[in-house]
Amino acid sequence: MMKGLGVDKVKKISLDGWIFYMSEEESNLDRHKCGKWMHFFNNKEFAVHICEEAVVNGICVEAKHTDASEGVCCFYLNCDDIEGHKKVLSYFIKNDLIRKTKTGKLYNISFKLDDQTRAGEYGAGFHSEIKLENFVHLNTGELL
């Protein structure tokens with residue numbers, strides 16, 4: 001079991017349509033290495049819960065969600081933090097945050113660098129070198 005920070009140690013900020021949750025270690029994110037795993041939601045209460053829980057329990061140092069009834073949650077870490085990827089993806093699997101194909105296989109979701117977001121890489125223009133299959137067996141959901 002991971003040692004948690006406690007809700008009182010997590011900074012919560014509302015800014016420009018986003019709700020941010022940050023631990024004291026948020027400053028360890030490197031501007032050019034930082035990126036996120038994303039989960040699209042349709043239940044804001046659930047989004048609040050998973051973002052806050054992830055930061056409180058040390059799954060990631062920062063998370064955010066859109067301040068709307070549906071939208072996206074982002075869980076931040078540096079791209080070279082292999083153990084961090086495993087923690088976030090284990091959390092995603094445990095909480096059923098990754099959609100599955102009709103055959104039950106996990107979708108091969110991508111990690112997106114903030115530099116890619118700043119550069120306007122979306123849709124067909126977005127290509128990630130870090131994907132779920134780098135860490136998880138897509139058929140079983142087990143970590144590699």
Side-chain angles (χ1 to χ4, degrees), residues 1-101 105-138 140-144:
M1 186 74 161
M2 235 171 272
K3 187 173 182 173
L5 296 171
V7 177
D8 59 329
K9 294 289 185 185
V10 174
K11 186 169 33 171
K12 183 177 177 181
I13 298 170
S14 178
L15 181 66
D16 296 332
W18 293 95
I19 307 296
F20 293 83
Y21 303 84
M22 295 173 279
S23 76
E24 295 167 342
E25 294 160 22
E26 179 265 341
S27 62
N28 292 336
L29 293 174
D30 180 299
R31 177 174 168 80
H32 298 293
K33 290 182 181 181
C34 180
K36 63 252 179 201
W37 290 101
M38 296 176 279
H39 167 71
F40 295 88
F41 69 89
N42 60 7
N43 178 328
K44 185 176 177 181
E45 287 180 30
F46 182 69
V48 169
H49 171 75
I50 62 173
C51 287
E52 186 171 65
E53 179 180 70
V55 176
V56 166
N57 290 320
I59 304 301
C60 59
V61 297
E62 181 179 329
K64 73 178 183 183
H65 60 80
T66 48
D67 191 10
S69 58
E70 57 186 42
V72 64
C73 298
C74 301
F75 300 80
Y76 288 92
L77 64 150
N78 289 323
C79 63
D80 58 354
D81 182 356
I82 303 304
E83 290 308 311
H85 286 291
K86 291 178 182 179
K87 277 197 286 187
V88 170
L89 294 171
S90 291
Y91 182 75
F92 270 40
I93 291 166
K94 175 185 167 200
N95 289 284
D96 200 25
L97 302 180
I98 304 170
R99 288 185 14 226
K100 294 182 179 175
T101 67
K105 184 177 171 180
L106 293 169
Y107 274 98
N108 193 20
I109 63 174
S110 298
F111 180 80
K112 188 172 188 180
L113 289 166
D114 284 357
D115 280 349
Q116 292 175 297
T117 300
R118 286 188 285 274
E121 294 180 26
Y122 294 96
F126 169 66
H127 299 286
S128 177
E129 293 184 23
I130 303 173
K131 295 189 168 284
L132 182 63
E133 69 186 358
N134 299 124
F135 301 98
V136 174
H137 189 279
L138 299 178
T140 65
E142 294 175 8
L143 289 176
L144 300 176

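Start at 1 with the first residue, then count along the sequence. It should be emphasised that the depicted structure is a prediction, and the values quoted were computed from it without experimental measurement.
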Taking all non-hydrogen atoms of both residues, which atom of [X] and which atom of [Y] are closest, and how far apart?
X: Ala63; Y: Val55; result: N-CG2, 3.7 Å
X: Met38; Y: Cys74; result: CG-SG, 4.0 Å
X: Lys12; Y: Ile19; result: CE-CG2, 3.7 Å
X: Glu25; Y: Val61; result: CB-CG1, 3.8 Å

(Q) How about NZ on Lys131, more than 12 heavy atoms from neighbouring residues, nucleotides or ligands closer than 6.0 Å, or not? (A) yes
Q) Does atom CD of Glu133 have more than 12 heavy-atom neighbours, drawn from other residues, nucleotides or ligands, at distances under 6.0 Å? A) yes
Q) So how far is it from Glu62 CD to Asn28 CG, rounded to the nearest 0.5 Å? A) 11.5 Å
**Q.** Spacing of Leu113 atom CG and Cys34 atom SG [to the nearest 0.5 Å]
**A.**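 Reported to 0.5 Å precision, the distance equals 8.5 Å.
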Quick one, [X] and [Y] - any side-chain contact, counting heavy atoms below 4.5 Å?
X: His137; Y: Leu144; result: yes
X: Lys36; Y: Asp114; result: yes
X: Lys100; Y: Ile98; result: no
X: Tyr107; Y: Thr101; result: yes

Side-chain ([X]) to main-chain ([Y]) donor-acceptor, under 3.5 angstrom:
X: Ser110; Y: Lys112; answer: no
X: His85; Y: Cys79; answer: yes
X: Thr66; Y: Ala68; answer: no

**Q.** Stepwise side chain to side chain contact (heavy atoms under 4.5 Å, CB included) test for Phe75 and Ile59
**A.** CA-CA 9 Å; Phe75 300 80; Ile59 304 301; 5.8 Å; no
Q. Is the closest side-chain donor-acceptor distance between Glu53 and Tyr91 under 3.5 Å?
A.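 Yes, because at least one side-chain N or O of Glu53 sits under 3.5 Å from a partner of the opposite role on Tyr91.
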Q: Check step by step if side chain to side chain contact (heavy atoms under 4.5 Å, CB included) holds for Val72 and Phe40.
A: CA-CA 4 Å; Val72 64; Phe40 295 88; 3.7 Å; yes
Q | Criterion side chain to side chain contact (heavy atoms under 4.5 Å, CB included) on Leu89 and Phe111, from CA distance to verdict | A | CA-CA 10 Å; Leu89 294 171; Phe111 180 80; over 6 Å; no
(Q) My understanding is that only one of Trp18, Tyr21, Phe20 makes a side chain to side chain contact (heavy atoms under 4.5 Å, CB included) with His65; could you say which? (A) Tyr21
**Q.** Steps toward side chain to side chain contact (heavy atoms under 4.5 Å, CB included) verdict (Leu97, Trp37)
**A.** CA-CA 10 Å; Leu97 302 180; Trp37 290 101; over 6 Å; no
Q: Salt-bridge test for Lys33 and Asp115: reply yes if a basic N is under 4.0 Å from a carboxylate O, no otherwise.
A: no
